[in-house]
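Numbered from 1 within each chain, the chains take letters A, B, ... in sequence-line order. Below, all heavy atoms of this structure are taken into account, side chains as well, without hydrogens, waters or symmetry copies.
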Protein chains: 2
Amino acid sequence: MANLTMKKTKTTDLSLRSKAFKTTRRRNNEVAAEDYSELIADIIEERGEARVGHIADHLGVSHVTALRTIRRLQEEGYLFTSPHKPVELTAKGKKVAEFSKERHELLLSFFLKLGVPKKVAEVDVEGVEHHISKETLGYIRRFMERC
Amino acid sequence: MANLTMKKTKTTDLSLRSKAFKTTRRRNNEVAAEDYSELIADIIEERGEARVGHIADHLGVSHVTALRTIRRLQEEGYLFTSPHKPVELTAKGKKVAEFSKERHELLLSFFLKLGVPKKVAEVDVEGVEHHISKETLGYIRRFMERC
DNA sequence: AAACAAATGTAGCATTTACTACATTATGCA
DNA sequence: TGCATAATGTAGTAAATGCTACATTTGTTT
Ligand SMILES: [Mn+2]
Ligand SMILES: [Mn+2]
Ligand SMILES: [Mn+2]
Ligand SMILES: [Mn+2]
């Protein structure tokens, strides 16, 4: 009640707030695709191939959890594999990996520029990265350039 | 293989990376407590009491989803309520709400200082805030002071 | 080649968060 | 007071992500 006239109140209005929460939930649904793609590309570069076990080890989850998520990501077209074979990225997965890696590295260097110690920055970036819009990423990029 | 000597390789080593993923998963388990506490405090301040329906509306979820999460948060000691009564915060919930609100506002003003438009910043902050360590928050606070 | 070890896969379970459809309780106004 | 509406609660379902225990497959080493 009150606020029938679209006038701004001192606090965030309901529609902008629910939009923020909804966008956040949508982004959370893309986290696995981004982290797995980025990680798989990285492992392939490091060691030639990415096995379920490597992926699980790097994520710190059981190989069963990794396996199931890998299957879902295959359904969704990010990667492909077959029983007892390494995991490979599709074109879509490679694109996500490349974008995610760039974003990860930009945010990491941004945090480091603020003075955050590397170990702390690495941890924070791993969670933060999925919630930074491309628009915000642009402003961060400009900040890095001019400072 | 290789890397038996603790020497740094050019890429992030396995243990730091899995630690980052693990911390991120732990933080994701605290998101509801933080968002709900912050939101409930806000609604109580705005309208005197927080009803399940208000909370659901602001989050953009069904009232059933809000209800179930409220029950879990009651078990965990963040809030209390009883059937058909408004939701109230415990001391623990109030502490989380206060901290979360301060963090939210600091990050929002940080994003605005970088030039991010308010509507974009609001959305990004809603997701990002849960993944910023207290340590990083300190560096951001210092940045805001000196700029 | 057989045995062993490592990697991968399966079965079964739990938690969190989401929904719709329907039931009940509370509230407000006629 | 009683009815209609709004608010809240319940039932039942689903998806994503986590686990342990056990089974099978693959690769290595005698
Ligand atoms: Mn990440
Ligand atoms: Mn990352
Ligand atoms: Mn939030
Ligand atoms: Mn918030």
Side-chain angles (χ1 to χ4, degrees), chain A residues 1 14 18-37 39-40 43 47-88 126-127 130, chain B residues 1 14 18-37 39-40 43 47-88 126-127 130:
Chain A
M1 55 226 56
L14 187 141
S18 64
K19 190 190 153 205
F21 284 121
K22 278 178 174 166
T23 301
T24 297
R25 288 194 297 273
R26 184 174 47 66
R27 286 176 180 164
N28 275 331
N29 294 335
E30 293 158 7
V31 167
E34 293 173 357
D35 281 341
Y36 275 69
S37 295
L39 177 58
I40 290 163
I43 293 172
R47 5 194 334 162
E49 60 177 22
R51 318 281 327 196
V52 172
H54 306 150
I55 297 164
D57 287 348
H58 279 85
L59 291 168
V61 297
S62 74
H63 76 277
V64 185
T65 297
L67 190 59
R68 183 140 33 87
T69 302
I70 285 163
R71 279 173 187 158
R72 176 173 70 80
L73 295 176
Q74 174 153 15
E75 312 259 277
E76 292 171 7
Y78 294 96
L79 51 81
F80 57 97
T81 183
S82 48
H84 297 279
K85 290 278 181 298
V87 178
E88 317 231 41
E126 201 53 75
H130 312 282
Chain B
M1 57 235 49
L14 186 141
S18 64
K19 190 191 152 204
F21 285 122
K22 279 178 173 166
T23 301
T24 297
R25 287 195 297 273
R26 184 174 47 66
R27 286 175 179 164
N28 274 331
N29 294 335
E30 292 158 8
V31 167
E34 293 173 357
D35 281 341
Y36 276 68
S37 296
L39 177 58
I40 289 163
I43 293 172
R47 4 195 333 162
E49 61 176 23
R51 317 280 330 193
V52 172
H54 307 149
I55 296 165
D57 287 348
H58 279 84
L59 291 167
V61 297
S62 75
H63 77 277
V64 185
T65 296
L67 190 60
R68 185 132 34 88
T69 302
I70 285 164
R71 279 174 186 158
R72 176 172 71 79
L73 295 176
Q74 174 153 15
E75 312 259 278
E76 292 171 6
Y78 293 97
L79 50 81
F80 58 96
T81 184
S82 49
H84 297 281
K85 290 278 180 302
V87 179
E88 317 232 41
E126 201 52 75
H130 313 281

- Between Val64(B) and Arg51(A), name the one whose nearest nucleotide on DNA chain D is closer to the 5' end. Val64(B)

- The answer to which of Pro86(A) and Gly60(B) contacts DNA chain C further toward the 5' end, by nearest nucleotide, is Pro86(A)

- Please give, in whole Å, the distance from dT17(C) P to Glu34(B) CD? 12 Å

- Task: Round to the nearest Å and state the distance from Asn29(A) atom CG to dT17(C) atom P.
- Result: 13 Å

- Message: Strictly below 4.0 Å: does Ser62(A) bring a side-chain N or O up to OP1 or OP2 of dC19(D)?
- Response: yes

- Message: Just verifying a value: how many Å separate Glu30(B) CD and His130(B) NE2, rounded to the nearest 0.5 Å?
- Response: 10.5 Å

- Please check if any side-chain donor atom of His63(B) sits under 3.5 Å from a side-chain acceptor atom of Asp57(B), or the reverse. no

- Distance below 4.0 Å between Arg68(B) side-chain N/O and dT10(D) OP1 or OP2: no

- Task: Give the nucleotide from the list dG9(D), dC19(C), dG9(C) with an atom nearest to the side chain of Arg71(A).
- Result: dG9(C)

- Query: CD1 of Ile55(A) versus P of dA7(C): gap in Å, rounded?
  - Reply: 14 Å

- Message: Without decimals, in angstroms, what is the distance between Arg25(A) CZ and dA15(D) P?
- Response: 18 Å

- Query: In whole Å, what is the span from the CD atom of Glu75(B) to the P atom of dT17(C)?
  - Reply: 13 Å

- Check the distance between dC19(C)'s C1' and His63(B)'s NE2 and give it to me in whole angstrom. 11 Å

- Note on the structure: Rounded to whole Å, CD1 of Ile70(A) lies from C1' of dA7(C) at a distance of 13 Å

- Provide, to the nearest angstrom, the distance between the CG atom belonging to Leu59(B) and the P atom belonging to dC19(C). 10 Å

- Task: State, to 0.1 Å, how close Ile55(A) and Leu39(A) come at their nearest heavy-atom pair, and which atoms those are.
- Result: O-CD2, 3.8 Å

- Message: If you define the side chain from C-beta out and look only at heavy atoms, does anything of Tyr78(B) sit under 4.5 Å from Ile40(B)?
- Response: no

- Message: Please determine whether a side-chain nitrogen of the Lys or Arg among Glu49(B) and Arg51(B) lies less than 4.0 Å from a carboxylate oxygen of the Asp or Glu.
- Response: yes

- Query: Is any N or O donor-acceptor pair between the side chain of His84(A) and the base of dG9(C) shorter than 3.5 Å?
  - Reply: no

